[in-house]
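Structure, as structure tokens:
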Amino acid sequence: MADVTRESLVHTLEEIALLLELKGENPFKTRAYRNGAEVVQNFEGDIVGRAAADELKGIKGIGNALQQKLYELASTGKLEYFEDLRAEFPPTLFELFELQGLGPKKIKALYDKLGISSVNELKKACQGSEIANLSGFGAKTVEKILGAIETRAKFADRFRLGEVTPLAETLLERLREHPKVNRSAIAGSYRRAKETLHDLDFLVATKEPAELTKFFTDFPEVQEVIAQGDTKASVRLDNGLQCDLRAVSNDHFPFALQYFTGSKEHNVALRSLALKKGLSLNEYDFTGEGDIPKVEEEVDIYRALKLDWIAPELRENRGEIEAACAADLPDLVKLTQLRGTFHNHTIASDGKNTLEEMATAAQEHGLQYLGIADHSKSSFQANGLNETRLVQQIEEIKIINAHFEDFALLSGSEVDILKDGSLDFHNDLLAELDYCVASIHNVFNLPEKEMTNRLIRAMENEHVTMLGHVTGRLLLKRDPYAVNMEKIIDCAAETKTVIELNCNPWRLDMDWRWWHRARDKNVLTSINPDAHSIEQLQFLAYGARLARKGWLRRKDVLNCHSLSEIQAWLRLPKSKR
DNA sequence: GCCGTTTTCGGCCCGACTGTTTTCAGTCG
């Protein structure tokens, strides 16, 4: 029986939705499956276990039919309904959904009328005239399809948050400086701090929308104009990133900002709430029978619905609306509240800068302490330190620290967790350090149970202060290794082990979806840049945004403590922390 | 397929743009 995971349940429900769309089923039925996938993805707790035990009653969005199907899936690893559905279409047909401009209706037409079931076949068919002659298709459509095929081949369709941020801010600044622009913002998943993005959604308030869409499509980075109207434009930049612009009036701006920030799920929930209060909410304004609330800023929209303003990072329909309604939203951590950080490298292992350079840069960032955690000896690819070199580094740090008054380097190690969960250094040596980050750097492919036990054994070590990059994922490149996150979080709570929020844009690990659960079990995080150079201390900004996305408050973040507090905390035995 | 202080049927968020159409369907967000 195939391994059943949360992801596999989500994936099956999403695929069913796609298949139903292809069959031209009732769109609301399709939506029910897609919504079900969302609920399973976001469910806090052991959804797989509950499904397998047929204990899914009472979960909103999972009705009788989905309960049955999830139970069958989780308990047998298969779903007959899904197998039958899937047998109706060739598997390669799904590729066509990756092409921009092709949706279920057009794909079904291509398949039914011309037997096209793969991108390759589609490309060939575009050379001839048969597609252009199909009803609903034309010469322009063929041209667009060919363009989309080329785009798909050339670019992955997602980008890492940290990679687009500098460009995003540059483009926003350019819009802001335009004399006809009153207000401007980037909405969408960028504003929500999603770890990867499909596009950037720019928004401007202006009296001259057409002038702005023209200005936007004329940006030098623009390689292709996908669409351009009087109030909306869509372009692809030379790096493959899609950018959209909406130009609205100043009065409409708060509504547009709210609407285009999303998430879609958050907005659907918000609109339903508005309807219950007799108000219809769209991207321009409120409409309704009674008094229409006055709105000047985005916050006024939430106030009108009797909600506290919800930080964009939280807008994923994961309980934020209920919390806002109950005035129970968390006071989210801020970048400026960080006083230090723990996981950083120097030239001793694979970093680019010396201890002194890293210390100076940290002080320029306003930090009171910087933890040095170079690799240990098993990470020979990263020039990991052996026992002798680590002892030397501890001495060097002592000497350097003598020069500082209100700042300190902390002696640590990013010690390798070996295959069996033991550590790369003996406890005697680890005891000499101020702290220790334990991470996995090899043997990524153990089965979930072994991998989980490996991490648990490391956490049970009294010298392990925190776990580094828990799942080892590299966004858009390498999947997380198989670990049971529920068990990891429970063990972190029991053993008082901190879990790192690794801020490297490629990692952003642990995933933001787990932090709410972790903090509710009193698990602390440390927002760590994993800096391999002084420039990479900037990564802290991404970490702070992802921590906010995970509902974390100042008190949930270890490195919000001052230097003296941290020194006292580190001296406590682990069990007393 | 889901849901319910308008509850077991009948709704389910909605607007912009494009291309093919001659009044609108499909796609996207």
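Keep in mind that what you see is a predicted model, and the values were worked out from it rather than measured. Quick note on labels: first sequence line is chain A, next is B, and so on, each numbered from 1.
Within the 3.5 Å criterion, the main-chain N or O of A/Ser8 finds a donor-acceptor partner in the side chain of A/Thr5.
Between A/Tyr284 and the phosphate of B/dA16, there is a side-chain N or O to OP1/OP2 separation shorter than 4.0 Å. Side-chain N/O atoms of A/Thr30 include none lying less than 4.0 angstrom from OP1 or OP2 on B/dG1. Taking 4.0 angstrom as the limit, A/Lys69 places a side-chain polar atom (N or O) nearer than this to OP1 or OP2 of B/dG1. Contact between the side-chain N/O atoms of A/Gln68 and the OP1/OP2 oxygens of B/dG1 is not found at any separation under 4.0 Å. Neither OP1 nor OP2 of B/dC28 sits under 4.0 Å from any side-chain N or O of A/His198. Using a 4.0 Å cut-off, no side-chain N or O of A/Ser272 falls inside it from OP1 or OP2 of B/dC3.
Ring-plane geometry between A/Phe286 and A/Phe255 is classed as perpendicular, the angle between the planes exceeding 60 degrees on a 0 to 90 degree scale with a lower cut at 30.
Distance from the side chain of A/Arg246 is smallest to B/dA16 among B/dC17, B/dA16, B/dG29. Of the candidate nucleotides B/dA16, B/dG4, B/dT20, B/dT20 has the atom lying nearest to any side-chain atom of A/Thr141. Set against B/dG26, B/dG29, B/dT18, the side chain of A/Lys144 has B/dT18 as its closest nucleotide. Closest to the side chain of A/Arg31, out of B/dA16, B/dC2, B/dC12, is B/dC12. Residue A/Lys105 has its side chain nearest to B/dT27 when only B/dC14, B/dT27, B/dG4 are considered. Of the candidate nucleotides B/dT18, B/dA16, B/dC2, B/dC2 has the atom nearest to the side chain of A/Ala65. Nearest to the side-chain atoms of A/Tyr259 among the listed nucleotides B/dG15, B/dC14, B/dC2 stands B/dC14.
Put simply, CG on A/Leu13 is 10 Å from P on B/dC2, counting in whole angstrom units. Counting to the nearest Å, the C1' atom of B/dC28 and the CD1 atom of A/Ile226 are 11 Å from each other. As a whole-Å value, the separation of A/Lys276 NZ from B/dG4 C1' is 10 Å. Between the NZ atom of A/Lys140 and the P atom of B/dT21 there is a distance of 13 Å, given to the nearest Å. Atom P of nucleotide B/dC14 and atom CG of A/Asp285 are separated by 13 Å, given to the nearest angstrom. Straight-line distance from the CZ atom of A/Phe28 to the C1' atom of B/dC13: 9 Å, rounded to whole Å. Going from atom CG of A/Leu20 over to atom P of B/dC2 covers 12 Å, rounded to whole Å. The distance between atom NZ of A/Lys232 and atom P of B/dT18, rounded to the nearest whole Å, is 8 Å.
Comparing B/dC2 with B/dT6, their P atoms are spaced 23 Å from each other, to the whole Å. Remark: the separation of the P atoms in B/dG10 and B/dG15 is 25 Å, to the nearest Å. Going from the P atom of B/dG4 to that of B/dC13 covers 14 Å, rounded to whole Å. Nucleotides B/dT7 and B/dC12 place their C1' atoms 15 Å apart, quoted to the nearest Å. Between the P atoms of B/dT21 and B/dT27, the separation comes to 15 Å (whole Å). When the P atom is used for both B/dT5 and B/dG1, the distance is 23 Å, rounded to whole Å. B/dT20 and B/dG26 have their P atoms separated by 14 Å, with the value rounded to a whole Å. Using atom C1' as the reference point in both B/dT8 and B/dC3, the two lie 10 Å apart (nearest Å).
If A/Asn282 and A/Gly136 are placed on DNA chain B by their nearest nucleotide, the residue sitting closer to the 5' end is A/Asn282. Nearest-nucleotide positions on DNA chain B place A/Tyr33 closer to the 5' end than the other of A/Tyr33 and A/Arg271.
Among the heavy atoms of the strands, none lies under 4.0 Å from A/Leu281. Within 4.0 Å (heavy atoms only), A/Phe260 reaches no atom of the nucleic acid at all. Nucleic acid contact class of A/Leu275 (heavy atoms, under 4.0 Å, all strands): none. Among the heavy atoms of the strands lying under 4.0 Å from A/Gln242 are primed sugar atoms or P, OP1, OP2 only; no base atom is included. A/Pro27 comes within contact range of no nucleotide atom at all, as no heavy-atom separation falls under 4.0 Å. Using a 4.0 Å heavy-atom criterion, one finds that A/Asn26 contacts the bases of the nucleic acid, with or without backbone contacts as well. Residue-level contact check: A/Ala139 touches the backbone only, with heavy atoms under 4.0 Å from sugar-phosphate atoms and none from bases.
When both pairing distances are held under 3.5 Å, B/dG26 makes a Watson-Crick or G-U pair with B/dC17.
The cationic atom of A/Arg160 (NZ for Lys, CZ for Arg) lies less than 6.0 Å from the six-membered ring centre of A/Trp506 and within 45° of the ring axis. Remark: A/Arg152 is not positioned above the aromatic ring of A/Phe97, lacking an NZ or CZ atom under 6.0 angstrom from the ring centre and at most 45 degrees off the axis. At least one test fails for A/Arg246 against the ring of A/Phe260: distance under 6.0 Å to the centre or angle within 45° of the axis.
With contacts defined as side-chain heavy-atom distances shorter than 4.5 Å, the pair A/Ile149/A/Val119 qualifies.
Atom CG of A/Asp84 sits in a crowded spot, with more than 12 heavy atoms from other residues, nucleotides or ligands closer than 6.0 Å.
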List the atom pairs, with distances to 0.1 Å, where a side-chain N or O of residues 19-35 of chain A and a protein N or O form a donor-acceptor pair under 3.5 Å, not counting sequence neighbours.
unit_1  : atom_1 : unit_2  : atom_2 : d
A/Glu21 : OE1    : A/Arg34 : NH2    : 3.3
A/Glu21 : OE2    : A/Arg34 : NH1    : 3.2
A/Lys23 : NZ     : A/Glu88 : OE1    : 2.9
A/Lys23 : NZ     : A/Glu88 : OE2    : 3.1
A/Glu25 : OE2    : A/Lys29 : NZ     : 3.2
A/Asn26 : OD1    : A/Phe28 : N      : 2.9
A/Thr30 : OG1    : A/Asn26 : O      : 3.3
A/Tyr33 : OH     : A/Lys69 : NZ     : 3.3

